[in-house]
Amino acid sequence: MFLVRPTATFEPVGFSSSKEVYQFIEKIGRTCYKSESGITDNSSTEFVKMILMRGHLSVLEHVSLTARIILDRGISHELVRHRLASYSQESTRYCNYKKDGNLIFVAPHWLLSMLNSLPLEEITFKNVDTIVSRMRTEYFTKNKTHISNKEKERIIDFLNICMQSELYYLKQVDAGHKPEDARGGLVHHIKTEIVMTANLRNWLHVFSLRTSKFAHPDMREIMNMLYSNFMFNFPTVAQFSEMERGKKLADLIVNSKKQISMCNFKDKYGNDLEDNRVISDLFKTLSQEYGEYLS
Ligand SMILES: Cc1cc2nc3c(=O)[nH]c(=O)nc-3n(C[C@H](O)[C@H](O)[C@H](O)COP(=O)(O)OP(=O)(O)OC[C@H]3O[C@@H](n4cnc5c(N)ncnc54)[C@H](O)[C@@H]3O)c2cc1C
């Protein structure tokens with residue numbers, strides 16, 4: 001087996017620059033106001049800002065971005081729940097992983113957080129101890145100078161389950177079974193490649209759900225890669241999404257606070273009950289983090 005990092009990049013399709021994208025959005029958007037005569041060399045960014053501020057978001061749906069993502073198959077199941085997008089994914093029915101000799105698994109976030117780099121060589125039951133021992137000394141992160149025994153055990157357990165999965169798969173295929181039948185033994189960590197196309201409006205929606213702290217850390221890792229690329233290329237649109245996310249949370253805090261204030265979680269002596277304190281603490285934390293959006 002081999003271990004790889006997750007990766008995510010946008011594919012270059014259609015437009016050669018973000019300016020061209022904004023100009024295209026402007027051209028479409030001005031249809032609504034019949035104000036095409038207002039188009040100049042530099043008018044597109046301001047126009048895009050204007051439609052975003054008004055919530056005239058359907059105009060963003062005319063531009064789509066395509067991302068190529070390598071991730072673990074478990075996380076890909078979460079990704080494809082986004083219905084307003086198109087997907088093409090490596091098939092575990094038609095791709096025979098035995099062809100390459102080794103199965104590839106994606107290193108999870110907790111392992112990546114311990115290591116500077118991944119071992120490039122094949123990992124087998126025979127050399128797993130040596131590789132993990134080397135990980136403890138050679139690959140530790142800048143913030144970490146040592147991997148504890150407990151962490152070592154976690155890494156070995158992870159590598160073992162991937163290798164067991166590989167062993168089962170290869171045995172099934174060697175026995176003449178089809179990949180579509182052998183795939184039942186593959187663990188969620190198996191690497192998959194997926195191409196996802198969505199329009200700009202839906203990317204904003206996906207980013208807001210999947211870069212949040214409630215998203216799975218492995219999903220967040222993928223989406224942060226795409227989001228930083230998106231922010232670099234489309235700062236005007238990206239800033240808007242940050243603002244919207246903040247505003248939604250602010251609404252949530254304000255509304256929930258109102259509802260909570262109508263409840264009376266007190267004991268007979270007038271003291272706050274535990275539930276009340278827990279909820280107040282939660283809102284305090286949320287307010288501290290998102291307070292700038294509350295004014
Ligand atoms: C942190 C987190 C935890 C999650 N946990 C679970 C879980 O435990 N179990 C689980 O099953 N799922 C879970 N999900 C998946 C989640 O319920 C959504 O299916 C997924 O995030 C896709 O989001 P979406 O429907 O907004 O996006 P899309 O499917 O891309 O839709 C985009 C938007 O279009 C609109 N839309 C699309 N279809 C409809 C429709 N039929 N009716 C009305 N409006 C529609 C909605 O406004 C929607 O937000 C989780 C998601 C997150 C982010």
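Indexing begins at 1, ligand by ligand and atom by atom, following the structure's order.
- Atom 39 (C) of ligand 1 lies below 4.0 Å from at least one non-hydrogen atom of the protein.
- If you check which protein heavy atom lies closest to atom 1 (C) of ligand 1, you get F214 O, 3.4 Å.
- Inspection of the R136 and N149 side chains reveals an N or O donor paired with an N or O acceptor under 3.5 Å.
- Remark: atom 14 (N) of ligand 1 lies closer than 4.0 Å to no protein heavy atom.
- In terms of protein heavy-atom proximity, atom 11 (O) of ligand 1 is nearest to R81 NH1, 2.9 Å.
- For atom 9 (N) of ligand 1, the protein comes within 4.0 Å by no heavy atom at all.
- Side-chain contact between R220 and K213: present, with at least one pair of heavy atoms (C-beta onward) separated by less than 4.5 Å.
- Under the 4.0 Å distance rule, the nearest protein heavy atom to atom 52 (C) of ligand 1 falls inside the cut-off.
- For the residue pair R68 / T9, no side-chain donor-acceptor distance below 3.5 Å is found, with atom types taken as modelled.
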Run R154 and E151 through salt bridge (Lys or Arg N to Asp or Glu O under 4.0 Å) and show every step you take. CA-CA 5 Å; R154 191 178 185 195; E151 289 167 325; over 6 Å; no
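- For the residues M219, H82, H77, R201, the heavy atom positioned nearest atom 27 (O) of ligand 1 is part of H82.
- For atom 35 (C) of ligand 1, the closest non-hydrogen atom of the protein is L84 CD1, 4.8 Å.
- When non-hydrogen atoms are compared, ligand 1 lies under 4.0 Å from the side chain of N202 (C-beta onward) but not from its backbone.
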Worked check of side-chain hydrogen bond (donor to acceptor under 3.5 Å, both in side chains) between H82 and R210: CA-CA 11 Å; H82 291 282; R210 303 301 188 173; 2.9 Å; yes
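- Put simply, atom 30 (O) of ligand 1 has protein non-hydrogen atoms near it, under 4.0 Å away.
- Checking R83, R210, E78, H205 against atom 20 (C) of ligand 1, the nearest heavy atom belongs to R210.
- The nearest protein heavy atom to atom 6 (C) of ligand 1 is not closer than 4.0 Å.
- Ring centers of F234 and W203: at least 6.0 Å apart, outside the cut-off.
- Taking 4.0 Å as the cut-off between side-chain N and carboxylate O, E61 and R201 count as a salt-bridged pair.
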Apply the test side-chain hydrogen bond (donor to acceptor under 3.5 Å, both in side chains) to residues T124 and N127: give CA-CA distance (whole Å), side-chain angles for both, the deciding distance (0.1 Å), then the verdict. CA-CA 5 Å; T124 64; N127 71 3; 3.3 Å; yes
